[in-house]
Amino acid sequence: MSRLLPEWSWCGLTNVLVTADRLLAEHRPAGLRTRSLTAQSSWNGTDLQASLPALLSQLPASRWRRIEVYMADKHVHLLRLPAMTHSVQSLDVSGQEQQAYARAMLMQTYGEAARAWPFRLQDIQQPQDSLLVAIPALASLDISALLASHAMQWSVQPYASALWAQTRLPVSGTVLTAEPQMLRLLQLDHGRMIHVASLATEMADVDAMAAWLMRERTLLGVQASSCYWLLEPGCQAVEKTGRQLKQVLSGQVSWQVLRASRAVAPWRQELAHVA
């Protein structure tokens, strides 16, 4: 294959966004000049084993593709995991103590149900605080077996972290990420994550978001730091909400727009944000 051709030219790509009550998909067939196809379906929030294949069945069948699944809303829990002491960390060569520590913190926060939740830790140099990501919806699901008949490669990750990966995050400040029915807050300080929080809310409830944001920043003592509204290209609903929130907080917060380099879920337009 010519090195001048883009990597995806020989392999199709299917993106799936899992929101609170529906699944949205875009399939871009292999080739240089192809038109994308979209599909959507409702789901009850608990059975991806049946819902995901049903969604994919609406699109052309092909194993010559990648499938990227983005989990949003209540399906993802984000926690700041305090660093283990340096002495314990130095003895934890295999990482088992770190995994056990993360599991214990997860169960302390969410209860016994969290014992079975799959989770992943931020890949950073220890010892320092890290981000713990848990996705309960995958607990009873063998995602590899499920997707093996539909694609050559696949990945599953939180929608928020996928957006962060497409964004040049500030060294310090409050990063706000609007999801379909969730507002995520990531507080950075000299390149380190010091706080993460979430607010379940509708995007129209700007006053509630403003009050919550001010409380979080006051409790952290970071009122002087800037706020960054993360904007995914082409998402007018999030752009509008950002303008309204900036107006409500006028004179109280230094507000800046932070643009992702590319859209994670460009096909959804406004649909996912009113789900």
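Residue numbers start at 1 and run along the sequence shown. Values in this document were obtained by computation on a predicted structure and should not be read as measured data.
- Other residues, nucleotides and ligands contribute more than 12 heavy atoms inside 6.0 Å of the CZ atom of Arg103.
- A continuous path of ILVMFWY side-chain contacts below 4.5 Å connects Val238 to Leu213, so both sit in one hydrophobic cluster.
- In this structure, His75 has its ring center closer than 6.0 angstrom to the ring center of Trp43.
- For the residue pair Thr174 and Gln187, a side-chain donor N or O sits within less than 3.5 Å of a side-chain acceptor on the partner.
- The distance from the CE atom of Met182 to the CG atom of Leu78 is 8.5 Å, given to the nearest 0.5 Å.
- Within a 6.0 Å radius of CD in Gln252, other residues, nucleotides and ligands contribute more than 12 heavy atoms.
- Although no hydrogens or angles enter the test, the distance criterion places a donor-acceptor pair under 3.5 Å between the side chain of Glu232 and the main chain of Val264.
- Residues Tyr110 and Trp117 place their aromatic rings such that the two centres sit under 6.0 Å apart.
- Linking Ile, Leu, Val, Met, Phe, Trp and Tyr whenever their side-chain heavy atoms come within less than 4.5 Å puts Leu163 and Leu188 in one cluster.
- Cluster annotation: Leu55 is connected to Leu17 through the hydrophobic network of ILVMFWY side chains, with a link wherever side-chain heavy atoms come within less than 4.5 Å.
- Looking only at distances, no side-chain donor or acceptor of Asp189 sits under 3.5 Å from a matching main-chain atom of Arg192.
- Judged purely by atom type and a 3.5 angstrom limit, Arg115 has no side-chain atom pairing as donor or acceptor with the backbone of Ala104.
- A distance of 8.0 Å separates CE in Met209 from CG in Leu199, rounded to the nearest 0.5 Å.
- Leu147 and Met71 fall within a single hydrophobic cluster, where Ile, Leu, Val, Met, Phe, Trp and Tyr are joined by side-chain heavy atoms under 4.5 Å apart, directly or via other members.
- Note that the CZ atom of Arg120 and the CG atom of Leu131 stand 11.0 Å from one another [nearest 0.5 Å].
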Checklist entry - Passes side chain to side chain contact (heavy atoms under 4.5 Å, CB included), Leu186 versus Met193? Steps please. => result CA-CA 7 Å; Leu186 184 67; Met193 183 270 299; 3.4 Å; yes
Item to check | Pair Gln166-Ser261, side-chain hydrogen bond (donor to acceptor under 3.5 Å, both in side chains): steps then yes or no | outcome: CA-CA 5 Å; Gln166 297 299 324; Ser261 60; 3.3 Å; yes
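- Between the Asn15 side chain and the Glu26 main chain, no donor and acceptor come within less than 3.5 Å of each other.
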Item to check | side chain to side chain contact (heavy atoms under 4.5 Å, CB included) between Arg65 and Arg28, worked out | outcome: CA-CA 9 Å; Arg65 63 173 165 180; Arg28 190 173 295 278; over 6 Å; no
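- Linking ILVMFWY residues whenever their side-chain heavy atoms come closer than 4.5 Å, directly or via other members, leaves Leu59 and Tyr70 in distinct clusters.
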Checklist entry - Does the side-chain hydrogen bond (donor to acceptor under 3.5 Å, both in side chains) test come out yes or no for Tyr101 and Gln96, once each step is laid out? => result CA-CA 8 Å; Tyr101 171 54; Gln96 292 183 356; over 6 Å; no
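- Arg80 CZ: more than 12 foreign heavy atoms inside a 6.0 Å radius.
- Residue Thr167 holds its OG1 atom at 4.0 Å from CG of Leu230, rounded to the nearest 0.5 Å.
- Between the side chain of Asn44 and the main chain of Asp47, a donor-acceptor pair closer than 3.5 Å is present.
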Next on the checklist: Show, in sequence, the C-alpha distance, side-chain angles and deciding distance for Thr177 and Trp164, and conclude whether the side-chain hydrogen bond (donor to acceptor under 3.5 Å, both in side chains) test is met.
Outcome noted: CA-CA 9 Å; Thr177 306; Trp164 295 339; 2.9 Å; yes
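- Side-chain N/O atoms of Arg217 and Ser225 include a donor and acceptor closer than 3.5 Å.
- In this structure, the side chain of Asp129 engages the main chain of Ala83 through a donor-acceptor pair within 3.5 Å.
- Atom-to-atom distance recorded for Leu56:CG and Leu146:CG is 7.5 Å, nearest 0.5 angstrom.
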Next on the checklist: Quick one, Ser42 with Arg22, criterion side-chain hydrogen bond (donor to acceptor under 3.5 Å, both in side chains). Give me CA distance, side-chain angles, the key distance, then yes/no.
Outcome noted: CA-CA 4 Å; Ser42 59; Arg22 72 181 70 188; over 6 Å; no
